[in-house]
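Written below as structure tokens is the structure these notes are about.
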Number of protein chains: 2
Amino acid sequence: MSDAYYLHLTDRLRDLIQDPEAFEDDRLPSERVLAERFHTTRVTLRQALAQLEGEGRIHRSNRRGWFVSPPRLDYDPTRDAGFNDYVKAQGRRPRTEVLLTDIRPHRPAAEALGLPLDQPFHHIRRRRFVDDRAVLSESLWVVPERAPQLLEGDFTHSLWGQLRGRWGLTLAHRSLRLYSEAIREQEAEELGVAAGTAGLCVRRTILDEQRRPVEYDEEHWLHNALCIAVELENSV
Amino acid sequence: MSDAYYLHLTDRLRDLIQDPEAFEDDRLPSERVLAERFHTTRVTLRQALAQLEGEGRIHRSNRRGWFVSPPRLDYDPTRDAGFNDYVKAQGRRPRTEVLLTDIRPHRPAAEALGLPLDQPFHHIRRRRFVDDRAVLSESLWVVPERAPQLLEGDFTHSLWGQLRGRWGLTLAHRSLRLYSEAIREQEAEELGVAAGTAGLCVRRTILDEQRRPVEYDEEHWLHNALCIAVELENSV
DNA sequence: TTACCTATCTGGTATATACCAAGAGTTTGG
DNA sequence: CCAAACTCTTGGTATATACCAGATAGGTAA
């Protein structure tokens, strides 16, 4: 069925969004306008839009409309260049908002770090932007013994940098897990997208040189906002 | 709008598929049957199914029906344990099909490896299964000078193992890129899914100890078939 | 100026219906 | 007994329509 009409529609819309002259400010015309222009119904048109969304070419923001997606951000989750630094290095504008800090137990963190389930953590929750688009919601859980008074600092910048600088931690053993997911209600709200939107989850577990648990964190990215890029030397 | 009916539907279907007694052989009842059972239309029901598909809980195979997805495969793209080995190690049944081998230029490979665009490569295309479900379509392009007579070997097993064993190559510098994608027509056909299905692309560029180009490859995975798992020591 | 309200625009959800095309299984003809 | 033909079932595509709820912008009142 590669001759389905909605696939032709997809092609034509793809051409449209690749033409920088087509419309102002990366915002697509409304679904109703596009449906009329292409002589079809909103239902069919939305199939084509969903297709392009899957390809990562467009995205929607709540009930505001469809937008042409900017290039993906290159991101190396094994390094701590600091979000602000690597976003700027790619000619983009970073911003970080701290949504919440508190101290409390967290089961997944405890399990990942091999600690008792009632172990309290320093918890930081933040939201990060690239060019004013919210692309990432993340939570970090830090073992208080490793970094006392952590929560009195400034979390709009690199946390790993602080762990190394203020407490001399090494972050020697890092375990990384990446997988596609549907973004859940809470994160969706923070990112201004519908729950169920395609996302990419990055989970990290970090131990220090003596294999003592240091930190666990979860990043929820919009799926088309990033490209994971890792460089490795030897060690196979 | 968290009280949308299709979200209730999603919840009930989620319960249904988590109940191992609910139905035989991981196959869901047909959309028409489910729609009737939940007193709604196929259109709304399909929204709920799409939601669960995004969560990675179910998948569809062409026009055959919907199936409960098995657990994700843990996969470390930085190591070469060999597909067969790590699939077996997780208690699953691997299978590999070689779809094509030839010699020809390939622009993305040439660009990634820094070679002239007309540089010919040994090209291998294969499809890999876990428990008889096709989950991965991949292509490899190997620089002929590094591995002469490569194409006379057996490609149902680890290629990296052969590069090391038969030609003493080191694969010292590895560059990895991961990103979500919509699976394209050709790969979709090979995997028995609809074009546009959510996928994860893994691209690797490999140089040897002297930084000579060795190999470039692209893996196209069904998005809910895998979890990338990487362990790192030091080096931050 | 500021704060609130309101009309209007947007995408989001839902029903009802129809026909198409590929898979799978069954029947039939050799 | 096997292969070809047919039928039934499945998901895939498409139209037409309606109403809902959040976002926005403009206007109005304090």
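The model shown is predicted, which means the values in this text are computed figures rather than measured ones. Note on naming: letters A, B, ... go to the chains in the order of the sequence lines (proteins, then strands), and numbering restarts at 1 for each one.
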N or O in side chain of A/T44 less than 4.0 angstrom from D/dT15 OP1/OP2: yes
Looking at every non-hydrogen atom in both residues, tell me the closest pair between A/Y6 and A/A48 and how far apart they are. O-CB, 3.6 Å
Of the candidate nucleotides C/dT13, C/dT15, D/dG12, which contains the atom at the shortest distance from the side chain of B/T41? C/dT15
Looking at A/E55, I want to see if its CD is surrounded by more than 12 non-hydrogen atoms of other residues, nucleotides or ligands under 6.0 Å. yes
Does a nitrogen or oxygen in the side chain of B/T40 sit under 4.0 Å from OP1 or OP2 of C/dT15? yes
Roughly how many Å is it from CG in B/L34 to P in D/dT10, rounded to a whole number? 10 Å
Should A/R125 and A/D102 count as an ion pair when the cut-off is N to O under 4.0 Å? no
Can you tell me how far P of D/dA14 sits from NE2 of A/H39, to the nearest Å? 16 Å
Whole-Å distance between D/dG12 P and B/H59 NE2? 12 Å
So for B/R42 and D/dG12, does any side-chain atom that can act as donor or acceptor lie under 3.5 Å from a complementary atom in the base? yes
Please pick, from C/dA14, C/dA16, D/dT13, the nucleotide with the shortest atom-to-atom distance to any side-chain atom of B/Y5. C/dA14
Quick one about B/T96 and B/R128 (side-chain donor to acceptor, distance below 3.5 Å, no hydrogens or angles considered), yes or no? yes
B/D15 and B/R12 ion-paired at < 4.0 Å: no
Report the distance from atom CD of B/Q51 to atom P of C/dA14, rounded to the nearest whole Å. 11 Å
Atom pairs, N/O to N/O, protein against nucleotides 7-10 of chain C, distance under 3.5 Å?
from   : atom 1 : to    : atom 2 : distance (Å)
C/dT10 : OP1    : A/S30 : OG     : 3.3

Measure up the A/F67 and A/H59 rings against each other and bin them: parallel (under 30°), tilted (30 to 60°), perpendicular (over 60°). parallel
Could you tell me whether B/E215 and B/R204 make a salt bridge, using a distance below 4.0 angstrom between a side-chain N and a carboxylate O? no
d(CD, B/E36; P, C/dA16) in whole Å: 13 Å
Difference in axis direction between the ends of the helix from C/dT1-D/dA30 to C/dG30-D/dC1, five pairs, 10°: 10°
Other residues, nucleotides and ligands only: do more than 12 of their heavy atoms fall within 6.0 Å of CD on B/E36? no
Main-chain N/O of B/R64 paired to B/R27 side chain as donor or acceptor, under 3.5 Å: yes
Can you check the A/L45 CG to D/dT15 C1' distance for me, whole Å? 14 Å
How long is the gap from CD on A/Q51 to CZ on A/R14, to the nearest 0.5 Å? 8.0 Å
Looking only at side-chain N and O atoms, does B/Y6 come under 4.0 Å of OP1 or OP2 in C/dT13? yes
Hey, is the side chain of B/N62 poking within less than 4.0 Å of OP1 or OP2 on C/dA22, counting only N and O atoms? no
Rounded distance (Å) that lies between atom P of D/dT13 and atom NE2 of A/H8: 12 Å
Please report the distance, rounded to the nearest Å, between CZ in B/R60 and C1' in D/dT10. 12 Å
